[in-house]
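We count ligands from 1, going down the list as the structure has it; atoms in each ligand are counted the same way. Remember, predicted model here, so these are calculated numbers, not experimental data.
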Amino acid sequence: MNLAKVDSLFWKGKKVFLTGHTGFKGSWLSLWLSSMGAEVAGYALAPNTTPNLFDVLNIKGQIKTSHIADIRNLEILKSAMLEASPDILIHMAAQPLVRYSYENPVETYAVNVMGTVNVLESARKIQSLRATVVVTTDKCYENKEWVWGYRENEPMGGHDPYSNSKGCAELVTSAYRQSFFNLADNHNAVASARAGNVIGGGDWSIDRLIPDAIKAFEANQSLTIRNPLATRPWQHVLEPLSGYLILAQGLYEKGGSLASGWNFGPRDEDNRSVQEVIDLMISGWGGAAQWERDGAGQPHEANLLKLDCSKARQQLGWVPKWDLETAIKKIVEWQKSFQGNANMRDVSLAQINQYTNT
Ligand SMILES: NC(=O)c1ccc[n+]([C@@H]2O[C@H](COP(=O)([O-])OP(=O)(O)OC[C@H]3O[C@@H](n4cnc5c(N)ncnc54)[C@H](O)[C@@H]3O)[C@@H](O)[C@H]2O)c1
């Protein structure tokens with residue numbers, strides 16, 4: 001098996017329409033794509049935290065167009081995509097938080113399900129499109145709380161509105177693929193990508209473990225953890241992003257044979273408990289950081305969740321590169337550089353280079 005690489009020559013000059021470019025993963029991906037010479041048109045809502053990675057990296061100044069608009073608005077989305085006439089579409093815009101989805105189920109379904117319908121509906125009109133990657137999540141599978149990793153051909157499900165909305169987005173993608181794409185008169189190869197719990201420098205989202213930990217450590221407060229024994233497939237943000245890029249390269253070059261669902265998770269050893277991750281963060285951060293358990297009743301969240309990534313390894317040559325210890329080191333390095341007022345674009349580009357050269 002040949003190990004695949006993100007091919008900067010491939011991306012040079014490619015027109016990419018990226019939804020969710022103002023978010024955590026979207027900002028890293030915008031930086032990576034623009035550093036390779038891709039022409040990125042982004043489409044998302046304005047960032048909703050201060051600070052946020054989009055502004056810290058000055059993404060707006062580096063990509064071709066930044067549309068600040070809602071994916072629920074089909075007409076605006078259609079005209080933005082037509083104007084960009086992209087070769088490649090990567091759809092990442094979503095309401096991505098489990099607990100928020102319990103409080104706002106209607107909004108979560110509207111953005112994640114009808115938003116995906118709107119993105120694929122807009123894509124139908126774009127003759128230039130050759131590859132589309134729809135980003136969902138490991139949580140899209142029907143969770144059986146078992147020790148084995150889920151394979152791409154297992155049933156969709158999702159207990160909570162977020163997970164379930166992503167299962168629905170997978171079904172929407174599959175129906176659109178079969179009904180409208182990769183036919184004699186349409187050469188857009190449409191795939192979906194299911195990744196694990198992403199961590200990395202520059203995530204200021206609410207209600208996520210690493211951002212919460214950093215906030216607590218910086219304020220010299222004890223971190224409160226909801227579910228210390230839950231295991232998750234932890235991975236550095238550059239891991240799934242490299243998977244999306246390699247998948248898009250493959251779709252573009254090989255077409256419909258790769259148009260299906262793909263898992264991009266960490267190695268087995270990196271399916272670890274929340275408590276282990278926090279212990280690693282504490283030893284990396286240093287000082288007097290500590291955590292305690294949140295005794296309050298919590299809404300249901302999956303306890304055991306693992307992905308089987310044999311298909312990506314065998315058919316795309318994609319393998320995870322950075323283990324959890326390395327990922328945590330990179331987060332601490334990034335956050336401490338940010339505290340020290342370093343040029344975060346340079347720091348982030350250096351991490352992308354280190355990742356690609358690993
Ligand atoms: N972070 C993770 O651990 C993780 C894990 C698996 C999958 N994912 C998926 O990856 C994608 C990106 O996640 P993230 O962590 O960067 O989240 P994020 O919250 O940082 O970014 C979400 C992006 O979606 C945009 N968005 C939200 N609602 C929108 C709307 N109505 N119209 C237009 N844009 C809208 C936001 O503006 C932002 O750009 C999501 O699809 C998420 O479900 C994330």
Side-chain angles (χ1 to χ4, degrees), residues 17-31 40 42-49 51-57 59-60 63 66-74 76-77 80-81 90-101 104 106-119 122 133-141 158 160-170 173 192-200 202-211 232-241 243-244 262-266 274 277 301-302 305 307 327:
F17 194 87
L18 173 63
T19 71
H21 70 299
T22 58
F24 169 57
K25 286 164 85 171
S27 297
W28 273 101
L29 189 56
S30 298
L31 179 70
V40 178
Y43 188 103
L45 300 179
N48 61 359
T49 61
N52 62 76
L53 191 58
F54 181 74
D55 289 328
V56 166
L57 299 181
I59 296 300
K60 190 174 171 200
I63 62 176
S66 173
H67 294 276
I68 298 300
D70 199 312
I71 52 169
R72 287 169 289 184
N73 189 324
L74 179 59
I76 295 183
L77 180 59
M81 214 184 281
I90 302 177
H91 171 43
M92 301 210 304
Q95 189 304 95
L97 301 168
V98 173
R99 298 223 305 175
Y100 184 91
S101 81
N104 301 281
V106 176
E107 179 191 337
T108 302
Y109 281 105
V111 175
N112 295 358
V113 187
M114 281 314 292
T116 301
V117 170
N118 288 345
V119 168
S122 305
V133 176
V134 175
V135 171
T136 66
T137 171
D138 53 357
K139 296 183 176 69
C140 65
Y141 292 106
D160 59 87
Y162 168 68
S163 308
N164 185 258
S165 71
K166 287 290 190 168
C168 295
E170 283 282 349
T173 305
S192 61
R194 305 148 188 178
N197 264 54
V198 173
I199 56 178
D203 192 359
W204 280 282
S205 306
I206 47 156
D207 216 15
R208 278 187 185 160
L209 183 65
I210 300 287
R232 294 279 179 272
W234 305 100
Q235 53 188 170
H236 191 273
V237 61
L238 298 177
E239 296 282 355
L241 296 186
Y244 306 158
W262 297 86
N263 288 343
F264 295 105
V274 167
V277 172
E301 286 192 51
L305 184 49
L307 292 174

Note down each nitrogen or oxygen pair, ligand 1 side and protein side, whose separation is under 3.5 Å; give only atom names and the distance to 0.1 Å.
unit_1, atom_1, unit_2, atom_2, d
ligand 1, 1 (N), R208, NH2, 3.4
ligand 1, 3 (O), V198, N, 2.9
ligand 1, 8 (N), K25, NZ, 3.4
ligand 1, 10 (O), K25, NZ, 3.1
ligand 1, 15 (O), R208, NH1, 3.1
ligand 1, 15 (O), R208, NH2, 2.9
ligand 1, 16 (O), F24, N, 3.3
ligand 1, 16 (O), K25, N, 2.9
ligand 1, 20 (O), F24, N, 2.8
ligand 1, 24 (O), A94, N, 3.2
ligand 1, 31 (N), D70, OD1, 2.9
ligand 1, 32 (N), D70, OD1, 3.4
ligand 1, 32 (N), I71, N, 2.9
ligand 1, 34 (N), L45, N, 3.3
ligand 1, 37 (O), T22, OG1, 3.1
ligand 1, 37 (O), L45, N, 3.2
ligand 1, 37 (O), L45, O, 3.2
ligand 1, 39 (O), G20, O, 3.3
ligand 1, 39 (O), T22, N, 3.4
ligand 1, 39 (O), T22, OG1, 2.7
ligand 1, 39 (O), G23, N, 3.0
ligand 1, 41 (O), M92, O, 2.9
ligand 1, 41 (O), K166, NZ, 2.8
ligand 1, 43 (O), Y162, OH, 2.7
ligand 1, 43 (O), K166, NZ, 3.1

H236 and W28 aromatic ring geometry - parallel, tilted or perpendicular at 30°/60° bounds: perpendicular
Quiz prompt | Donor-acceptor contact below 3.5 Å, side chain T19 vs main chain A93 | solution = yes
Checklist entry - Is a side-chain donor or acceptor of N118 paired with a backbone partner of I71 at a separation under 3.5 angstrom? => result yes
Distance col, row Q95:CD vs L45:CG, nearest 0.5 angstrom, shows 11.0 Å
Discussion item. Using the rule given for side chain to side chain contact (heavy atoms under 4.5 Å, CB included), can you reason through I210 versus D203, listing the C-alpha separation, both sets of side-chain angles and the distance that settles it, and then say yes or no?
Written reply: CA-CA 8 Å; I210 300 287; D203 192 359; over 6 Å; no
Exercise. Give the intermediate values and the outcome of side chain to side chain donor-acceptor pair (under 3.5 Å) for residues N52 and D55.
Key: CA-CA 6 Å; N52 62 76; D55 289 328; 3.0 Å; yes
